[in-house]
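Heads up: the structure comes next, in structure tokens.
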Amino acid sequence: MRILIVEDEPPVARYIERCCRNILKNKIKTIDICFTLQEASTAIQKKSFDLCLLDLNLKGASGYDLLRLSVSETFHTIIISAHTEQAVEAFQYGVLDFVPKPFEEEDLRSALKRYFDRIQKQKWEMKYLTARKGDSFVVYPVNHVLYFKAADVYVEAHLQDGKVELLNKTMDRLEQILPPSFFRIHRSYIVALSTIESYTHIEGGTCQVHLKGEIHLPLSRRRTKDLKERMELS
């Protein structure tokens with residue numbers, strides 16, 4: 001289990017870490033601690049996490065900025081905050097639980113139990129993506145995407161309405177977190193299986209995937225067999 005702790009007070013962050021290690025023991029694979037939103041945002045882009053333990057007030061910065069970013073990720077979030085009046089709004093972002101400060105180890109134990117109860121009952125899949133627009137984020141459903149295209153160190157999300165959004169993610173990172181309704185047909189393309197109308201071999205031994213709307217994308221030959229199997233199962 002990979003945990004991210006986002007807390008601006010080092011003694012509190014270390015206390016949360018000790019509690020997690022006491023409660024979870026050998027279930028823990030890694031624990032990362034970030035003291036600022038910028039550190040946490042960078043960590044999320046570089047690594048995969050299963051659970052984020054997040055404070056909502058980080059030296060005057062709002063933890064909601066991180067919630068808006070993390071809505072596109074595959075991890076759950078538990079809020080640990082003294083600002084109990086913000087609990088209702090926090091749950092609107094899909095957080096799993098709210099632990100009010102000050103708290104005891106047993107309070108965190110109860111929240112972690114609810115985490116494990118939830119992941120045993122349902123598979124957690126990414127349902128939303130976020131694109132940065134200046135100083136804010138735009139959130140949109142992942143099922144509105146036709147395909148993703150590599151664009152240098154970024155990824156273009158081509159949407160059903162014709163818009164193109166630029167994501168601050170690599171193709172490899174995106175492939176890890178997308179639901180199984182998407183398939184990587186080429187090192188530079190990931191497509192929604194539901195949009196594929198056909199795929200063909202063309203001259204020179206190369207292959208193409210044909211999407212709805214007369215969109216034609218390259219298909220890696222080594223991925224052709226896997227694509228056929230996935231389409232038969234979908």
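Side-chain atoms are counted along with the backbone in the values below, which use heavy atoms only and exclude waters and symmetry mates.
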- Item | Leu53/Cys20 under side chain to side chain contact (heavy atoms under 4.5 Å, CB included): CA gap, chis, key distance, verdict | CA-CA 10 Å; Leu53 303 174; Cys20 287; 3.5 Å; yes
- Query: Hey, mind stepping through Leu211 and Ile196 against side chain to side chain contact (heavy atoms under 4.5 Å, CB included) and telling me if it holds?
  - Reply: CA-CA 4 Å; Leu211 306 185; Ile196 297 177; 3.7 Å; yes
- Full working for side chain to side chain contact (heavy atoms under 4.5 Å, CB included) between His186 and Leu219: CA-CA 5 Å; His186 185 273; Leu219 170 62; over 6 Å; no
- Test ring pair (Phe, Tyr, Trp, His ring centres under 6.0 Å) on Tyr189 and Phe182 and set out the steps. CA-CA 10 Å; Tyr189 293 92; Phe182 284 83; over 10 Å; no
- Please walk me through it: do Asp50 and His76 pass side chain to side chain contact (heavy atoms under 4.5 Å, CB included)? CA-CA 6 Å; Asp50 301 301; His76 286 288; over 6 Å; no
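Under the 4.0 Å criterion applied to side-chain N and carboxylate O atoms, Asp172 and Arg184 are assigned as salt-bridge partners. Taking 4.0 Å as the cut-off between side-chain N and carboxylate O, Lys113 and Asp117 count as a salt-bridged pair. Using a cut-off of 4.0 Å between Lys/Arg side-chain N and Asp/Glu carboxylate O, Glu7 and Lys101 are scored as salt-bridged.
For the pair Leu193 and Leu227, the tightest heavy-atom approach, listed with the atom from each and the gap, is CD2-CD1, 3.9 Å. Here the closest non-hydrogen pair linking Ala13 and Ile5 is O-CD1, 4.1 Å. Pairing each heavy atom of Phe183 with each of Asp226, the nearest pair is CZ-CB, 3.8 Å. Taking every heavy atom of both residues into account, Val99 and Ala111 meet most closely at CG2-CB, 3.8 Å. Between Val6 and Thr36 the shortest heavy-atom distance is CG1-O, 4.4 Å. Heavy-atom minimum distance, Ser81 versus Ile79: CB-CG2, 3.8 Å.
At least one side-chain heavy atom of Ser48 sits under 4.5 Å from a side-chain heavy atom of Arg2. Side-chain atoms of Ile80 and Ile16, non-hydrogen and from C-beta on, do get closer than 4.5 Å to each other. For the pair Lys29/Met1, no side-chain contact is recorded, criterion being any heavy-atom separation below 4.5 Å from C-beta on. Two residues are said to be in side-chain contact when any heavy atoms from C-beta on lie closer than 4.5 Å; Thr206 and His201 fail this criterion. Contact annotation: the side chain of Arg223 never approaches that of Cys207 to less than 4.5 Å [non-hydrogen atoms, C-beta and beyond]. Contact of the Thr77 side chain with the Tyr115 side chain is not registered, since no non-hydrogen atoms from C-beta on lie closer than 4.5 Å. Within the 4.5 Å cutoff, no side-chain heavy atoms of Glu9 are placed close to those of Phe35. Side-chain atoms of Leu217 and Ile185, non-hydrogen and from C-beta on, do get closer than 4.5 Å to each other.
When each of Gln208, His210, His216 is checked for a side-chain hydrogen bond (donor to acceptor under 3.5 Å, both in side chains) with Thr200, only His210 meets the rule. No option in Leu96, Asp107, Ile23 other than Ile23 meets the side-chain contact (heavy atoms from CB on, under 4.5 Å) test with Leu112.
Taking OG1 from Thr195 and CD1 from Ile215, the interatomic distance works out to 7.5 Å, rounded to the nearest 0.5 Å. Once rounded to the nearest 0.5 Å, the distance linking CZ of Phe49 with CD1 of Ile3 reads 10.5 Å. Here the straight-line distance linking atom CD of Glu39 with atom CG of Leu58 works out to 10.0 Å at 0.5 Å rounding. Distance check: Ser220 OG to Arg187 CZ gives 9.5 Å after rounding to the nearest 0.5 Å.
By the 6.0 Å contact criterion, CZ on Arg109 is enclosed, its count of non-hydrogen atoms from other residues, nucleotides or ligands being greater than 12.
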Name the atoms and distances for all side-chain donor-acceptor pairs under 3.5 Å in residues 138-156, with sequence neighbours left out.
from: Tyr147; atom 1: OH; to: His158; atom 2: ND1; distance (Å): 3.2
from: Glu156; atom 1: OE1; to: His158; atom 2: NE2; distance (Å): 3.0

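Side chain of Lys27 to main chain of Arg21: no donor-acceptor pair is present (N/O by atom type, distance under 3.5 Å, no hydrogens or angles). Here the side chain of Ser110 pairs a donor or acceptor atom with the backbone of Glu106 at under 3.5 angstrom. Side chain of Lys25 to backbone of Asn22: a donor-acceptor contact under 3.5 angstrom is found. A donor-acceptor pair is defined here as one N or O able to donate and one able to accept, closer than 3.5 Å; no such pair exists between the side chain of Asp97 and the backbone of Ile78.
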